Undergrad: 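Before I ask anything, here is the structure I am working with.
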Amino acid sequence: MPDPTGGFVALLGLEITEAGPDRVVIRWRVRPELHQPFGIQHGGVYCSVVETAASVGGSLWLGDRGTVVGVSNQTDFLRAVREGELTAVGTPVHRGRSQQLWQVEITDGDQRLVARGQVRLQNLSAA
């Protein structure tokens, strides 16, 4: 698997603190450059974190059998956040021959659910 810590992940300031085939944990600090115009965390950040957690976990599970690509991302925004650290935890719901489904829950420092999402991944064969 390519290094998932550069590019867009680095731009968002995401820290992958745990990465395995059964669980991925990502932390980041909400900061003004990630706000939407009304001063709260932009929903696109949540979508990006959900996609990242699912893709990292799904890729680690599939291993050298191939690669994964996201084909669907459904993310719900539940609570407005202006500042602080957020934590995303991704876990698999289903892992099959051709597709995977991952769920991701994002909580604030008080363990309140602020967003949740799921990503469907397509498993692409290496051969």
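Quick caveat: nothing in here was measured; it's all calculated off a predicted structure. Sequential numbering from 1 along the given sequence is applied to the chain's residues.
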Undergrad: For Leu78 and Glu105: C-alpha separation, side-chain torsions, deciding distance, then whether side chain to side chain contact (heavy atoms under 4.5 Å, CB included) applies.
TA: CA-CA 11 Å; Leu78 307 172; Glu105 292 189 343; over 6 Å; no
Undergrad: From Arg31 CZ over to Gln41 CD, what is the distance, rounded to the nearest 0.5 angstrom?
TA: 9.0 Å
Undergrad: Only one of Leu12, Thr87, Val45 forms a side chain to side chain contact (heavy atoms under 4.5 Å, CB included) with Trp28, so which one is it?
TA: Val45
Undergrad: Could you tell me whether the side chain of Glu83 and the main chain of Val30 form a donor-acceptor pair under 3.5 Å?
TA: no
Undergrad: List the steps, then state whether side chain to side chain contact (heavy atoms under 4.5 Å, CB included) holds for Val89 with Arg23.
TA: CA-CA 7 Å; Val89 177; Arg23 180 177 151 98; 3.4 Å; yes
Undergrad: What pair of heavy atoms forms the shortest contact from Gly43 to Phe77, and how long is it?
TA: O-CE2, 3.4 Å
Undergrad: Does Gln122 reach the side chain of Leu124, with side-chain heavy atoms less than 4.5 Å apart?
TA: yes
Undergrad: Measuring from Leu121:CG to His94:NE2, what's the distance to the nearest 0.5 Å?
TA: 11.0 Å
Undergrad: Using the rule side chain to side chain contact (heavy atoms under 4.5 Å, CB included), only one of Ile16, Val9, Leu14 pairs with Pro4; which is it?
TA: Ile16
Undergrad: Looking only at heavy atoms, what is the nearest atom pair of Ala19 and Val56, with distance?
TA: CB-CG1, 4.0 Å
Undergrad: Are any of the side-chain heavy atoms of Val68 and Trp61 separated by less than 4.5 Å?
TA: no
Undergrad: Taking salt bridge (Lys or Arg N to Asp or Glu O under 4.0 Å) as the definition, give me every residue that meets it alongside Arg112, ordered by chain and number, with sequence neighbours left out.
TA: Asp108, Asp110
Undergrad: What is the distance from atom CZ of Arg97 to atom CG of Asn123, rounded to the nearest 0.5 Å?
TA: 10.5 Å
Undergrad: I'd like to know if Leu113 and Ile26 are part of one continuous hydrophobic network [Ile/Leu/Val/Met/Phe/Trp/Tyr, side-chain heavy atoms within less than 4.5 Å].
TA: no
Undergrad: May I ask whether Val49 and Leu60 are part of the same hydrophobic cluster, defined by side-chain heavy atoms of I, L, V, M, F, W, Y residues being less than 4.5 angstrom apart, directly or through others?
TA: yes
Undergrad: Can you tell me how far CZ of Arg120 sits from CD of Gln100, rounded to the nearest 0.5 angstrom?
TA: 10.5 Å
Undergrad: Out of curiosity, Asp76 CG to Ile106 CD1, how far, rounded to the nearest 0.5 Å?
TA: 10.5 Å
Undergrad: Atom OG of Ser48 and atom CG of Asn73: how far apart are they, to the nearest 0.5 Å?
TA: 8.0 Å
Undergrad: Are Tyr46 and Val114 side-chain neighbours, meaning at least one heavy-atom pair lies under 4.5 Å?
TA: yes
Undergrad: Indicate the atoms forming the closest heavy-atom contact of Pro92 with Pro21, along with that distance.
TA: CG-O, 4.3 Å
Undergrad: Test of understanding: clusters of I, L, V, M, F, W, Y form through side-chain heavy atoms closer than 4.5 Å, transitively. Do Phe8 and Leu34 belong to the same one?
TA: yes
Undergrad: Between Val119 and Ala54, which heavy-atom pair has the shortest distance, and what is it?
TA: CB-CB, 3.6 Å
